[in-house]
Structures are given as structure tokens and as C-alpha cells.
Amino acid sequence: MTQTQTLSEVQWGSGEEVSARIVELDAATEVAFGDQFTAQDSTGNWQKQSNFLLGLGLNTHGKIIGELSQQMKPTQADAKLSDHGEIGLANNGEFEAFGSTRKLVEGDGNRTVTSALSTDDGYLWVESPNYQSVAGTWRLFTGGPGAESKLLAKSKNEDEFSANELSVEVAVPVLDDKTVYWSTLTAKANGSTSTSVLQHSLSGDEESKIFADDATSPAGLDQGIAVLDVMTEADTEKNSENHVSRSISLHTEQADPEVLLTGSPLLDDTVAFTRLVGQEETLMTQLADKFLVINPENKDVMAVALPAESRAVGYAVCGQYAAWQVVDVGGASDGWQYLLDLESNELSKIAKGGLTGTTFCNGDYFAWGVGGTGDSANDAYVEVMKWKK
């Protein structure tokens with residue numbers, strides 16, 4: 001049963017109260033997999049003792065954008081030798097690699113692909129050297145099958161970043177109107193750190209530039225780019241810094257940033273927005289024990305009440321659906337894929353064991369990550385399905 005009430009945790013940037021439809025997860029209608037999807041592909045047959053395919057996204061044809069890794073054992077000559085992978089497209093047991101990026105950044109050694117997406121003209125992905133944090137050492141590439149890969153931008157490798165407490169999403173690219181946006185750690189003149197959202201045009205040769213200071217987790221909307229605003233707080237006990245987000249702003253090229261939502265001043269200082277995802281007219285984020293699905297244009301809000309000590313993960317806007325999963329503090333799934341119909345406001349769920357909290361969608365296709373039966377994370381795989389109209 002859905003109830004409408006004022007949310008005490010959040011208010012609009014104008015100071016107005018937020019009225020939201022409150023829904024419990026137990027109220028979701030269970031639907032069969034076959035009523036919602038048609039199975040297309042699975043990477044379960046890729047996972048072998050020496051090989052592992054990490055799914056990172058989908059293209060418009062339902063092919064998996066992923067990294068195929070070959071495990072190599074360390075030797076006395078190279079104690080840090082680790083998995084080396086190459087990015088490409090996986091489809092029905094075949095893998096088509098992108099152009100090599102190994103020589104585009106010198107001194108890295110083996111790198112790991114951490115995120116990827118498809119564009120109208122190719123693919124974008126982020127790599128980070130093994131044994132280093134992607135927050136401090138990201139490299140953004142573009143390319144695709146049959147094309148040379150190109151380095152678009154890379155981090156400055158600030159050593160002090162590795163000592164910070166990171167509670168922000170860094171170097172996950174978002175595409176909007178042939179411009180890519182992502183966030184990175186930045187150092188300020190006073191010695192403190194923060195994050196900024198960068199932008200890079202794919203239609204010209206200009207260098208990357210700062211789009212929004214003290215911001216992270218960009219999300220592309222019809223109105224502009226929404227970001228989580230970042231505050232930097234010192235943690236004297238750990239001799240480090242925490243980056244927390246207590247408001248959401250909309251940035252456009254035509255006007256000054258507009259605060260869309262802000263956390264209530266009555267909230268505990270440790271409560272903050274976590275991860276922002278958006279597309280067209282819909283934003284999704286979590287604040288305290290509420291998972292929020294928001295239309296900033298008409299101020300329509302659905303607040304999903306989460307069970308104690310749980311969080312929403314793997315959320316994505318997929319056409320007319322908002323999709324997410326729920327995990328406990330240990331990262332274990334509750335066994336359901338949740339789907340909210342943005343047109344009818346109907347909440348449904350599909351039973352699936354072993355969900356890993358990972359989802360992808362692109363056009364007619366949807367995918368989720370599934371844990372394997374072994375002890376290694378390399379047993380995990382991706383299942384691709386097609387939406388039924």
C-alpha cells in the first residue's frame with residue numbers, strides 16, 4: 001500500500017517540504033522472469049580457472065562490454081604480477097577486443113578496467129593500474145573494435161589522495177550530448193582535498209576542463225547535469241578527510257547551479273546522499289533509510305523504505321523503468337530485482353538468487369550480475385536479457 005507523506009529527511013532547494021509516496025519493498029508485486037524478459041546471453045561459460053570475463057556494460061545490440069582477464073602467477077622477478085585483461089565485446093561465447101591501451105600511458109604496468117559505456121560512435125572506459133586506487137590513478141580511453149584506442153584524459157597521480165577516506169564515486173563516466181562527464185579527486189591550495197566533475201567534448205580536440213567544483217557522481221538529465229555537492233570534513237582520529245554529500249544540484253551551461261534537494265539540517269552529520277544516477281527526467285539516490293526516485297521537473301518523488309542495515313545498489317534508469325537491488329551490510333542480496341514502472345508507478349520484483357548488486361541496461365536490453373558457486377569472485381558472471389514490450 002502506498003501512502004503520501006512529508007519526508008523529514010530532505011527538502012527542496014527552495015526550502016519547501018518534500019511530499020512523497022512511501023512504498024515498502026514487501027508491497028512489490030512478484031512477476032515471473034518470462035513475463036518481463038527474454039533470456040539472451042550469459043557469460044557463465046567464460047569463467048574458467050585461468051580466465052575471467054568482467055561485465056561492465058551493454059551496447060545497443062545487447063553485447064556485453066567487458067574485460068577478459070588471464071590470470072598469471074607471480075614470480076620472484078615480479079612479485080606484483082597480476083591479472084592482465086583487455087577490454088572488448090562479448091557475445092554468445094565470442095570476444096572482440098578493442099585496440100590495446102598498454103603503450104598509451106607509460107609506467108603503469110598491468111591495468112584493470114573499472115567502468116565502461118557505449119556511445120553513438122564507440123566506447124568509453126576507465127582503467128586503473130593494478131595495486132593502486134582508481135580514485136587517484138584513473139585513465140579515460142575511447143575506442144572500439146577495429147579502431148585504435150585513444151587516451152582522452154588521466155589523473156595527476158597525487159600521492160596524498162591514497163590516504164584519504166573516500167566516500168565519493170570517482171572516474172565513472174556519464175555521457176550527455178557528445179560530452180563525457182566524470183568526477184576526480186582534486187587538491188586545494190590550503191592542502192585539503194575535494195572532488196570535481198570534469199567534462200570532455202567528444203566532438204573536438206579541446207582538453208578536459210572542470211565542469212563543477214566540489215561535486216561528484218554526475219547524472220545526465222534532460223534539464224542538464226545533476227551532481228552530488230561535496231563537503232570535505234577532517235577526521236582527526238584517522239588523520240584523514242571525509243567527503244560527504246548533503247545536497248544535489250543541477251548544472252547547465254545557461255544558468256548558475258540550482259540546488260534541487262538538500263538533506264534536512266536535523267539529520268545526523270554522518271547521513272549523506274550516496275551515489276546519484278539519472279536519465280531524462282528521473283534521478284535516483286539514497287538518503288538515510290530511504291531510496292529516492294525523483295522527477296525534479298514536476299517534483300514527483302517516490303521514497304522506498306529500506307529494511308534496517310540495508311542499502312540500494314545497482315540502480316539504473318532503463319527506459320520506462322527504474323531498476324535496483326537491495327543488499328545487507330555484508331553485501332548479500334535479498335534475492336530480488338526491483339523494477340518501478342515510471343509511467344504507472346507500479347513496483348514489481350523478480351526472484352533471482354545470487355545477485356551481485358550489478359545491473360546494466362541499454363535500449364531494449366538489461367543485464368544483472370550473478371555470483372558463482374565457488375569461493376572466488378572470478379566465478380561471478382553476467383546474464384543478458386531483452387525487455388518484453
Side-chain angles (χ1 to χ4, degrees), residues 10-16 18 115 117 119-120 124 126 135 138 140 142 152-153 155-156 166-189 192-204 206-233 243-264 272-287 292-301 315-317 322 342:
V10 68
Q11 59 191 27
W12 293 110
S14 61
E16 297 175 76
V18 175
S115 56
L117 57 83
T119 72
D120 292 339
L124 290 165
V126 173
W138 51 264
L140 178 66
T142 184
L152 290 184
S155 61
K156 294 181 179 179
L166 304 178
S167 54
V168 295
E169 186 173 69
V170 175
V172 177
V174 172
L175 188 67
D176 185 75
D177 193 25
K178 291 191 178 297
T179 299
V180 60
Y181 301 84
W182 71 99
S183 53
T184 183
L185 286 165
T186 53
K188 296 192 171 184
S192 67
T193 63
S194 184
T195 62
S196 296
V197 171
L198 305 183
Q199 68 175 165
H200 187 101
S201 173
L202 300 180
S203 57
E206 300 89 351
E207 293 187 357
S208 305
K209 61 182 180 180
I210 293 178
F211 175 75
D213 279 317
D214 298 318
T216 189
S217 201
L221 299 177
D222 289 344
Q223 302 168 270
I225 304 297
V227 300
L228 293 180
D229 301 315
V230 172
M231 297 175 60
T232 301
E233 298 178 346
H243 301 120
V244 296
S245 301
R246 298 203 176 96
S247 60
I248 301 172
S249 292
L250 180 70
H251 292 246
T252 65
E253 299 286 356
Q254 295 77 28
D256 292 334
E258 173 192 359
V259 177
L260 297 177
L261 282 173
T262 182
S264 168
F273 290 102
T274 58
R275 193 167 182 245
L276 190 65
V277 169
Q279 185 176 309
E280 296 181 349
E281 300 175 347
T282 302
L283 279 176
M284 293 191 290
T285 188
Q286 183 174 332
L287 181 68
L292 306 176
V293 183
I294 309 156
N295 184 322
E297 183 73 19
N298 61 18
K299 294 189 174 181
D300 180 76
V301 180
Y315 37 103
V317 182
L342 297 172

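Nothing fancy with the numbering, it's 1 onward along the sequence. Bear in mind the structure is a predicted one, so any value in this text is a computation, not a measurement.
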Going by the rule side chain to side chain contact (heavy atoms under 4.5 Å, CB included), which residues pair with Asn298 if we only count those two or more places apart in sequence or in a different chain? Asn295, Asp300
Residues that Ala215 engages under side chain to side chain contact (heavy atoms under 4.5 Å, CB included), provided they are two or more places apart: Val197, Ala212, Val227
Specify the closest pair of heavy atoms between Val293 and Ala322, including all atoms of both residues, with the distance to one decimal. CG1-CB, 4.4 Å
Is a side-chain donor-acceptor pair under 3.5 Å present for Ser183 with Thr216? yes
Going by the salt bridge (Lys or Arg N to Asp or Glu O under 4.0 Å) test, which pairs reach into residues 223-232, not counting sequence neighbours? none
Output for pair (Ser249 OG, Ile225 CD1), nearest 0.5 Å, gives 13.0 Å
Residues that Ser115 engages under side chain to side chain donor-acceptor pair (under 3.5 Å), provided they are two or more places apart: none
If you round to the nearest 0.5 Å, how far is CG of Asp176 from CG of Asp222? 8.5 Å
Using the test salt bridge (charged side-chain N to carboxylate O under 4.0 Å, His left out), find all partners of Glu16 that sit at least two apart in sequence or belong to another chain. Lys299
Using side chain to side chain donor-acceptor pair (under 3.5 Å) as the criterion, list what pairs up with His251, not counting sequence neighbours. none
Which pair of non-hydrogen atoms, one from Ser208 and one from Ala153, has the smallest distance, and what is that distance? OG-CB, 3.4 Å
Taking side chain to side chain contact (heavy atoms under 4.5 Å, CB included) as the definition, give me every residue that meets it alongside Ile210, ordered by chain and number, with sequence neighbours left out. Ser196, Leu198, Asp213
Heavy atoms of Leu260 and Trp12 approach each other most closely as O-CE3, 3.3 Å
Taking the six-membered ring for Trp, are His200 and Trp182 parallel (under 30°), tilted (30 to 60°) or perpendicular (over 60°)? tilted
Looking only at atom types and distance, does a side-chain atom of Thr195 sit under 3.5 Å from a main-chain N or O of Thr184, one as donor and one as acceptor? no
Between Pro173 and Leu117, which heavy-atom pair has the shortest distance, and what is it? O-CD2, 2.9 Å
In Å and rounded to the nearest 0.5 Å, what is the CG to CG distance from Leu261 to Leu250? 11.0 Å
Value for CG (Leu202) from CG (Asp120), rounded to nearest 0.5 Å, stands at 9.5 Å
Who pairs with Gln254 by side chain to side chain contact (heavy atoms under 4.5 Å, CB included), at least two apart in sequence or on another chain? Thr252
Rounded distance [0.5 Å steps], CG in Leu124 versus OG1 in Thr142: 4.5 Å
Considering residues at least two apart in sequence or located in another chain, which fulfil the side chain to side chain donor-acceptor pair (under 3.5 Å) criterion with Glu297? Gln223
In short, Gly263 meets Phe273 closest at the heavy-atom pair N-CE1, 3.9 Å
Work out which heavy atom in Ala316 is nearest to a heavy atom in Val277; give both atom names and the distance. CA-CG1, 4.0 Å
Contacts of type side chain to side chain donor-acceptor pair (under 3.5 Å), residue Lys209, not counting sequence neighbours: none
Without placing hydrogens or testing angles, list every side-chain donor-acceptor pair under 3.5 Å for residues 278-285, not counting sequence neighbours.
{"from": "Thr285", "atom 1": "OG1", "to": "Thr274", "atom 2": "O", "distance (Å)": "3.3"}
{"from": "Thr285", "atom 1": "OG1", "to": "Arg275", "atom 2": "O", "distance (Å)": "2.9"}

